[in-house]
Amino acid sequence: MTPSQIALVQESFAKVAPISDQAAVIFYNRLFEVAPQVRAMFPEDLTEQRKKLMATLAVVVNGLSNLPAILPAASALAKRHVGYGAKPEHYPVVGSALLWTLEKGLGAAWTPDVADAWTAAYGTLSGFMIAEAYGKAQAAE
């Protein structure tokens with residue numbers, strides 16, 4: 001990721017943060033719409049899960065300018081996700097739902113450059129998390 005991409009991700013996330021609970025509702029609704037099979041991995045009441053999602057996104061987004069500082073937490077999260085039943089093929093679906101949510105939440109502020117920056121950020125983190133949880137060969141697929 002370039003410094004300008006990091007700035008775009010951070011600036012755009014700052015616009016979503018004030019509506020974080022609404023954004024999380026939109027995200028999970030979209031995720032379960034496109035991948036209903038993952039619904040069973042989540043609690044019935046998503047209130048706490050939505051808070052965790054947005055808190056984790058905030059940590060990651062704020063840490064993008066110092067990636068090595070957030071990688072240990074990303075590694076631990078990836079390994080916990082294995083225990084929940086997450087598989088490498090779930091990561092692109094989650095990424096797609098996240099980008100779709102951001103596009104809806106940002107409206108006109110969702111520009112091609114912002115989309116590219118978020119795609120790069122998610123690709124970087126998800127690739128790392130897949131490698132940590134399932135091995136380097138899985139991340140390359």
Side-chain angles (χ1 to χ4, degrees), residues 1-43 45-141:
M1 291 190 70
T2 67
S4 64
Q5 286 179 317
I6 292 169
L8 282 172
V9 168
Q10 291 173 336
E11 290 162 11
S12 60
F13 187 73
K15 294 174 185 169
V16 174
I19 59 160
S20 62
D21 192 58
Q22 182 182 355
V25 167
I26 293 167
F27 168 78
Y28 283 109
N29 286 345
R30 178 65 176 181
L31 179 62
F32 301 149
E33 177 185 325
V34 298
Q37 70 278 12
V38 303
R39 180 61 181 99
M41 291 185 220
F42 294 90
D45 181 353
L46 291 171
T47 304
E48 286 304 310
Q49 185 65 34
R50 289 192 303 260
K51 289 177 186 173
K52 287 178 187 177
L53 169 71
M54 296 312 291
T56 301
L57 277 173
V59 168
V60 169
V61 166
N62 292 327
L64 285 176
S65 49
N66 185 12
L67 206 50
I70 61 170
L71 292 180
S75 175
L77 180 63
K79 291 170 184 169
R80 280 197 311 274
H81 279 146
V82 174
Y84 305 142
K87 297 186 177 351
E89 59 267 23
H90 293 138
Y91 282 81
V93 176
V94 168
S96 175
L98 175 63
L99 296 177
W100 187 89
T101 300
L102 290 164
E103 181 178 3
K104 298 299 171 208
L106 290 168
W110 182 257
T111 65
D113 287 343
V114 171
D116 289 346
W118 273 98
T119 300
Y122 187 80
T124 298
L125 264 296
S126 66
F128 173 79
M129 291 175 70
I130 291 167
E132 288 293 293
Y134 308 99
K136 306 266 189 264
Q138 290 289 329
E141 291 180 7

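Predicted model only: the values in this text are computed from it and were never measured. Residues take their numbers from the sequence shown, with the count starting at 1. The figures that follow rest on heavy atoms only: side chains count, while hydrogens, waters and symmetry mates do not.
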Colleague: Looking at Val93 and Ala35, what are the two nearest heavy atoms and their distance?
Modeller: CG1-CB, 3.6 Å
Colleague: Please round to the nearest 0.5 Å and tell me the distance separating atom CG of Leu31 and atom CH2 of Trp100.
Modeller: 11.5 Å
Colleague: Within a strict 4.5 Å, meaning less than it, do heavy atoms of the Arg80 and Leu77 side chains meet?
Modeller: yes
Colleague: For the side chain of Thr119 and the backbone of Ala115, is there at least one donor-acceptor N/O pair under 3.5 Å apart?
Modeller: yes
Colleague: Once you round to the nearest 0.5 Å, how far does CG of Leu99 lie from NZ of Lys104?
Modeller: 12.0 Å
Colleague: Minimum heavy-atom separation for Ala121 to Met1, with atom names?
Modeller: CA-SD, 3.4 Å
Colleague: How long is the span from the CG atom in Leu64 to the CG atom in Leu125, to the nearest 0.5 Å?
Modeller: 6.5 Å
Colleague: Starting at NZ of Lys15, measure out to CG of Leu102 and round the result to the nearest 0.5 Å.
Modeller: 12.0 Å
Colleague: Please report the shortest heavy-atom distance between Tyr28 and Leu46, naming the atom on each side.
Modeller: CB-CD1, 4.1 Å
Colleague: Any idea which heavy atoms bring Met41 and His90 closest together, and the distance?
Modeller: CE-CE1, 3.2 Å
Colleague: Calculate, to the nearest 0.5 Å, the distance between atoms CD1 and CD1 belonging to Ile19 and Ile26 respectively.
Modeller: 6.0 Å
Colleague: Do Gln10 side-chain atoms and Val61 backbone N/O form a donor-acceptor pair below 3.5 Å?
Modeller: yes
Colleague: If you take all heavy atoms of Glu89 and Pro92, which pair is closest and at what distance?
Modeller: O-CD, 3.3 Å
Colleague: Please lay out, stage by stage, how Lys87 and Val38 fare under the test side chain to side chain contact (heavy atoms under 4.5 Å, CB included).
Modeller: CA-CA 10 Å; Lys87 297 186 177 351; Val38 303; over 6 Å; no
Colleague: Could you tell me which non-hydrogen atom of Met54 sits nearest to which non-hydrogen atom of Ala23, and how far apart they are?
Modeller: CE-CB, 4.4 Å
Colleague: Do Asp21 and Arg50 have side chains that get closer than 4.5 Å, going by heavy atoms?
Modeller: yes
Colleague: Go through it in stages, so that I can follow the logic: the residues are Asn62 and Phe13, the test is side chain to side chain contact (heavy atoms under 4.5 Å, CB included), and I'd like the CA-CA distance, side-chain angles, deciding distance and then a yes or no.
Modeller: CA-CA 9 Å; Asn62 292 327; Phe13 187 73; 5.7 Å; no
Colleague: Are side-chain heavy atoms of His81 and Tyr91 found at a separation under 4.5 Å?
Modeller: yes
Colleague: If you round to the nearest 0.5 Å, how far is CD of Glu33 from CZ of Arg30?
Modeller: 5.0 Å
Colleague: Any side-chain heavy atom of Trp110 within less than 4.5 Å of one from Ser12?
Modeller: no
Colleague: Counting distance only, does the side-chain N/O of Thr124 pair as donor-acceptor with the main-chain N or O of Ala120 below 3.5 Å?
Modeller: yes
Colleague: Is the shortest side-chain heavy-atom distance between Phe128 and Leu67 below 4.5 Å?
Modeller: no
Colleague: For the residue pair Thr47 and Asp45, confirm or rule out a side-chain donor-acceptor distance under 3.5 Å.
Modeller: yes
